[in-house]
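Inspection log for the structure reproduced underneath, given as structure tokens.
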Number of protein chains: 2
Amino acid sequence: MAENREVTIYDIAKHLNISAATVSRGLKNSPAVSKNTRKKIAEVALELGYQSNTFASSLRSKTTKTLGVLVPRLNSHFMSSVLAGMEKAANKHGYNLIIAQSLEEAENEKQNADTMFNKRVDGLLISLAYDTRNINHLEPFFKRNIPVVFFDRVYSHPSSISVVINNYDAAYKITKHLIDQGCQRIMHIGGNLLRNVYKDRFDGYRQALKDHDLPFQDKMHLISELSEKDGTAAAKHILSMPAAKRPDAVFSANDTSAVYCMMALKAAGFHIPHDVAFAGFNNDPISKVIEPNLTTVDYAGETMGNIAVTNLINHLQGTGNLYSTNSITLRADLIIRASSLKNEVQKTK
Amino acid sequence: MAENREVTIYDIAKHLNISAATVSRGLKNSPAVSKNTRKKIAEVALELGYQSNTFASSLRSKTTKTLGVLVPRLNSHFMSSVLAGMEKAANKHGYNLIIAQSLEEAENEKQNADTMFNKRVDGLLISLAYDTRNINHLEPFFKRNIPVVFFDRVYSHPSSISVVINNYDAAYKITKHLIDQGCQRIMHIGGNLLRNVYKDRFDGYRQALKDHDLPFQDKMHLISELSEKDGTAAAKHILSMPAAKRPDAVFSANDTSAVYCMMALKAAGFHIPHDVAFAGFNNDPISKVIEPNLTTVDYAGETMGNIAVTNLINHLQGTGNLYSTNSITLRADLIIRASSLKNEVQKTK
DNA sequence: TTGTAAGCGTTATCAT
DNA sequence: ATGATAACGCTTACAA
């Protein structure tokens, strides 16, 4: 009953009166082993209920077929899409994922990076925490030439690759779209400028204003963690302004705060987009549910995850020349919906 | 430059002229080692940039400090919340998570279970795929006494534990709530009855009808994968019915299809909840955004993940008596919102 | 095509 | 409190 010893390649070897080495080779379908013995090995393995021991293997071969994934939080629509894409791609190539979250804290990020290193992941995929200021904690990886792939919230480093979208461009376009709709006083709800995604979106927004001779005002730039509460707070902020000073549009760096800001303004009697037009970022499911539907940027998380992992694995297997570039930029198209269509809606009124 | 050999406990031992065994103990802060040498070991370890090799350790100690998590899909609000809760709890206890998704297919589930077994996870957390019919693929775990924790979509097995909510009860209550609002013809959009969650919700719904002398009709029970499309299709189905035969309420087994059904009916000119009242399940973010807000069941994913992992780890560490029970049922309260408040809304009309 | 034997880095078991 | 030594299960030169 208490069958407790592991079944090893030695057991298989004994059964067949061959050496463990041959069994090891046979199990990997090495052509160096005759078809016949290979078949026998497979049969006996099944019969004895053999299960390979990956660490014994890893210890010897120095490869784990495991990738580390380190993200700020894993429960957002965007991030879980990325992870789904990563898992699919990894699985396809026989790799597993160890996933950990920094909960937006640099300290956790460091600690998680350490354990991943100790678990000898073959590569690391990372999106930085809100307040990470440097990547010293990744030095062990760089030192041992373990490939690091940054995605979304990246950090420029000579010997690693980044997978991103063109945040600057998307923000520029979406801001320009609002301007084209006749908006003149566009507020931006943004994130920590330490992170490329928020910095780039802010820059794109500002450049679009500049190119259209619209002034940028500090009061029109809110920085927060872009949560539901932050969206509601942004609405309160708007309501607290004298009517003449209020924005006629809001461009938020994510959909969550855009939607919660919209809801609060609607509750206060504002008409969207007539009084205030709205644009968000990410194409979160809520953007298709809020009324009017939210104009946003299609951020294809699953694709990003897929590409990041596929690249990493190609690199590990030496088949990838993709690594010759330092950064991969994915498309991120505008999705224009009613919340920003000032003219349209005015017409239909 | 090409510093390539691993720094091992032998290097530390040599530096200090002590044995590797002592270093090994010292690194784990074993009280068998004098405080002084422990300190020295830690210093030299840091100095040499020592990083412990987990497989060497796992190979010897037969424990990996890694838990396997196998889910249908990881990109739903509910599931990513569960995973977030699991990761937090695991991390707190020094465990890592290997996460894989079955993509709702039994075949993938089997294969993933195998690799997790081979990676010698200390325990397995699993929520079953849409069409899994038996758990033979988990036999290796049971045979070797590796604890298996089912959560959400569970399977009754004598030597494993389940973490669930009372789906039957929640469904009963939410159906009763609709009945109390005056609804008489309640449609149910459900999932595959093979899965406890959908079976129990269906049973709860049916029992509530029965207890209130309302007939159950097959035409009022749709089975699907509860996607956005399925929600829209349900609306089409309703629209295709003769007006007199249409439901006056819909209880959906998840929020996604409830919301997409609502949206389609609204677009067709229906007034919610006056014409059709709505209730969903899960408390997904979209349920707070749709208008009118969706009545739903608060399914606390993060808590479920936390409890599942904490229990598993307690069991592994022999500190848990919780394992004496076979099933843990978490609270899942109704969240009543406007979409189901027929009387209220009629009054305000 | 197969076998031999060394070794991966750690920990457990005895000793001392 | 510390040391010597033998595993853990697998891979991989090298030999045959």
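Every value quoted in this text rests on a predicted model; they were computed, and no experiment measured them. Protein chains get the first letters and strands the later ones, always in sequence-line order, with residue 1 at the start of each.
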In whole Å, what is the span from the [atom1] atom of [X] to the [atom2] atom of [N]?
X: A/K28; N: D/dG9; atom1: NZ; atom2: P; answer: 16 Å
X: A/F55; N: D/dT11; atom1: CZ; atom2: P; answer: 13 Å
X: B/L48; N: C/dG9; atom1: CG; atom2: C1'; answer: 15 Å
X: B/K119; N: D/dC10; atom1: NZ; atom2: P; answer: 15 Å

When you check the phosphate oxygens OP1 and OP2 of [N], does a side-chain N or O of [X] lie under 4.0 Å from one of them?
X: A/S34; N: C/dT2; result: yes
X: B/S58; N: C/dT10; result: no
X: A/S57; N: D/dT11; result: yes
X: A/S19; N: C/dG3; result: yes
X: A/K62; N: C/dG9; result: yes
X: A/T8; N: D/dC8; result: no
X: B/Y10; N: D/dA4; result: no
X: A/S61; N: D/dT11; result: no
X: B/S24; N: C/dT10; result: no

Let me spell it out: for each of B/R120 and B/I18, pick the nucleotide of DNA chain D with the closest heavy atom. Which residue's pick is nearer the 5' end?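 On the 5' side of the pair lies B/I18.
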
On DNA chain D, compare the nucleotides closest to B/A32 and B/A56; which residue's is nearer the 5' end?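 Looking at DNA chain D, the more 5' nearest nucleotide goes with B/A32.
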
Could A/R195 and A/E104 be called an ion pair, given the rule that one side-chain N must be under 4.0 Å from one carboxylate O?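 Not counted as a salt bridge, because no side-chain N and carboxylate O are separated by less than 4.0 Å.
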
Under a 3.5 Å threshold, yes or no: a donor from one side chain and an acceptor from the other, between [X] and [Y]?
X: A/N192; Y: A/D131; result: no
X: A/N75; Y: B/S81; result: no
X: A/N96; Y: A/T66; result: no

Output the single nucleotide from [options] whose closest atom is nearest the side chain of [X].
X: A/N53; options: C/dT4, D/dT11, D/dG9; result: D/dG9
X: A/L59; options: D/dT2, C/dG9, D/dT12; result: C/dG9
X: B/R60; options: D/dT12, D/dA7, D/dT2; result: D/dA7
X: A/A21; options: C/dT11, C/dC14, C/dA5; result: C/dA5

Examine A/H157 together with A/F150 and report whether their ring centres are nearer than 6.0 Å.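 No, too far apart.
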
May I ask you to say what A/N36 touches in the nucleic acid, namely base, sugar-phosphate or nothing, with a heavy-atom cut-off under 4.0 Å?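 It contacts nothing in the nucleic acid.
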
Any base atoms under 4.0 Å from A/T37, or only sugar-phosphate, or nothing? Heavy atoms, all strands.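 If one applies the 4.0 Å heavy-atom cut-off, A/T37 turns out to touch the sugar-phosphate alone, with no base involved.
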
With distance as the sole test, does A/S160 use its side chain to make a donor-acceptor pair with the main-chain N or O of A/V149 at under 3.5 Å?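 Not at all, since once roles are kept as given, no pair shorter than 3.5 Å links the two residues.
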
Under-3.5 Å donor-acceptor pair between A/R25 side chain and C/dG3 base: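 Looking at the base of C/dG3, it does pair with a donor or acceptor on the side chain of A/R25 (distance under 3.5 Å).
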
